[in-house]
There are 2 protein chains.
Amino acid sequence: MPEAYAISQEVVVPHRRERRKDARPGELIDAAIDVFAERGFAAARLDDIAQRAGVTKGTVYLYFSSKEELFEAAVRQTLMSSIAHGQSVLRDFQGSTTELLESVLRGWWHGVVRTKAAPLAKLIFAEATNFPELACFYHENVIEPGRRLLARILERGIASGEFRDVTVNHTVSFVIAPFLYLQFYEHSIAMVVPAASVETESFLDSLIDYVLASLAIRGRTT
Amino acid sequence: MPEAYAISQEVVVPHRRERRKDARPGELIDAAIDVFAERGFAAARLDDIAQRAGVTKGTVYLYFSSKEELFEAAVRQTLMSSIAHGQSVLRDFQGSTTELLESVLRGWWHGVVRTKAAPLAKLIFAEATNFPELACFYHENVIEPGRRLLARILERGIASGEFRDVTVNHTVSFVIAPFLYLQFYEHSIAMVVPAASVETESFLDSLIDYVLASLAIRGRTT
DNA sequence: TTTATTAATGACTTAACAGTCATTAATTAT
DNA sequence: ATAATTAATGACTGTTAAGTCATTAATAAA
């Protein structure tokens, strides 16, 4: 009796126990990003990740041998490709360094800060001491390449006389920090205290103005 | 037989089961800060906190009714007193706003960033979504008062013509962010990847230079 | 259609840890 | 010295969730 009705609906809803070897890993990674973002690494339940991907926990272990491995796959898929993109922009850019810097910052904004991968950064910082291998992996593949990229841009601007002669290494931190701050803030406190959220519309424009003002040679208006 | 030897060593080592009602809460909070800083809130074990304070877990519950309450006590003891100090500086300050801003930033550096309480901020951001009450408490008692304090300073400088007319709300974020970045970084990635640590000596001076350069009226050299 | 293969399941095992409470012993009062 | 008080203990309970594996059933091969 129930089956007669079920069959008429079967077109959209996927079968239970459907076998989809190829699609699973990607679906599991997507589900994992969501759950890790919401709960953090330690508190994320594999049961939840599995459910969100439409399978059960046992299935997760067919494709990933542990929670760590699943997490690493998520980082690999999201953050690392963004860095590579920034590096190619630097290599090919022709215009002024001011334009280059602005372009890379806008790229990072749309490619990382405003994506669903944004919460992962918070997570790494949060759980670095509990999962050192994760932290090393992230440092080597995301942080270091990202910092080197920005450092090269600053050096180019100082050499060309567009920027004043700042301490490159620290200035990299000062430029990066507001992005991370917003990423961290929006996916933590702001999710819990609704009144706490930041004006994200104008944030990027204000930041670019702030950074360029600080780097500008004094006495110039541009 | 074993007792004969034990007794001869008893002078320095405190007695087991020693009763020290007054000293316990403070010792537990100190131990808690260390363990929370190392492991995060969820992963911190009360057994570890108790052991580090020289007692057992049962004792913790004589003084704090839950893990959350112990954590809140730690935040109260460390971060909230710093904010209050900054507020009094603002109220009484006589000199230029540039000097005021520099003074408050240096105060924050020595009163928070360079103390053992520094890792607590990371922790709140990390676990805000799992422990919303903690996040609210922190937002209300630390973040909001801290931001308001900085906003008032910026407004004072704009009104007096010392600073250019920036968007106050965003600029507060830009000024705060490098501090938080350093705090987060040093107590996460840098603990695990030794080569990753930042030059902390000159960080504060560079930052103040960077901030003031950005706020300066263009065309001026000071 | 029948058989073989293997993706998917979910009940089970194990471990960790927050929080409880009856018992023990250090300290204080008598 | 003895009794009364209560700080401290640690064995215990309950819960949660990672990881395992024998069973089940969807698909491919014969």
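Below, all heavy atoms of this structure are taken into account, side chains as well, without hydrogens, waters or symmetry copies. Letters A, B, ... mirror the listed sequences (proteins, then strands); counts begin at 1.
- Taking atom CZ of Arg19(B) as the reference point, atom P of dT5(D) lies 12 Å away to the nearest angstrom.
- Atom NZ of Lys21(A) and atom P of dT5(C) are 15 Å apart (whole Å).
- Ser214(B) places a side-chain N or O within donor-acceptor distance of the main-chain N or O of Tyr210(A), the cut-off being under 3.5 Å.
- Within residues 35-64 of chain A, the residues approached by DNA chain C to less than 4.0 Å at the level of any non-hydrogen atom are Val55(A), Thr56(A), Gly58(A), Thr59(A), Leu62(A), Tyr63(A), in residue-number order.
- Crowding of Glu68(A) atom CD: a count of heavy atoms from other residues, nucleotides or ligands under 6.0 Å exceeding 12.
- Taking both residues in full, the closest heavy atoms of Ala128(A) and Val192(B) are given as O-CG2, 3.7 Å, listed atom of the first, atom of the second, then distance.
- Between dA8(C), dG19(D), dG19(C), one nucleotide has an atom nearer to the side chain of Ser66(A) than all others, and that is dG19(D).
- One atom, NZ of Lys67(A), and another, P of dT20(D), lie 14 Å apart when rounded to the nearest Å.
- Arg20(B) places its CZ atom 11 Å from the P atom of dT9(D), with the value rounded to the nearest Å.
- To the nearest angstrom, P of dA18(C) lies 15 Å from CZ of Phe71(B).
- As rounded to whole Å, 13 Å separates atom P of dA26(C) from atom CZ of Arg24(B).
- Phe36(A) and Phe41(A) have parallel rings, their planes meeting at less than 30° on a 0 to 90° scale where 60° marks the start of perpendicular.
- Residues that satisfy the ring-ring contact (aromatic ring centres under 6.0 Å, His included) test with Phe137(A), not counting sequence neighbours, are absent from this structure.
- When distances are taken from the side chain of Arg17(B) to each of dA26(C), dT24(C), dA26(D), the shortest belongs to dT24(C).
- Protein atom CG of Leu28(B) is 10 Å distant from nucleotide atom P of dT9(D), rounded to whole Å.
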Given Glu155(B) and Arg148(B), is the salt bridge (charged side-chain N to carboxylate O under 4.0 Å, His left out) satisfied, shown in steps?
-> CA-CA 10 Å; Glu155(B) 279 155 7; Arg148(B) 258 199 304 278; over 6 Å; no
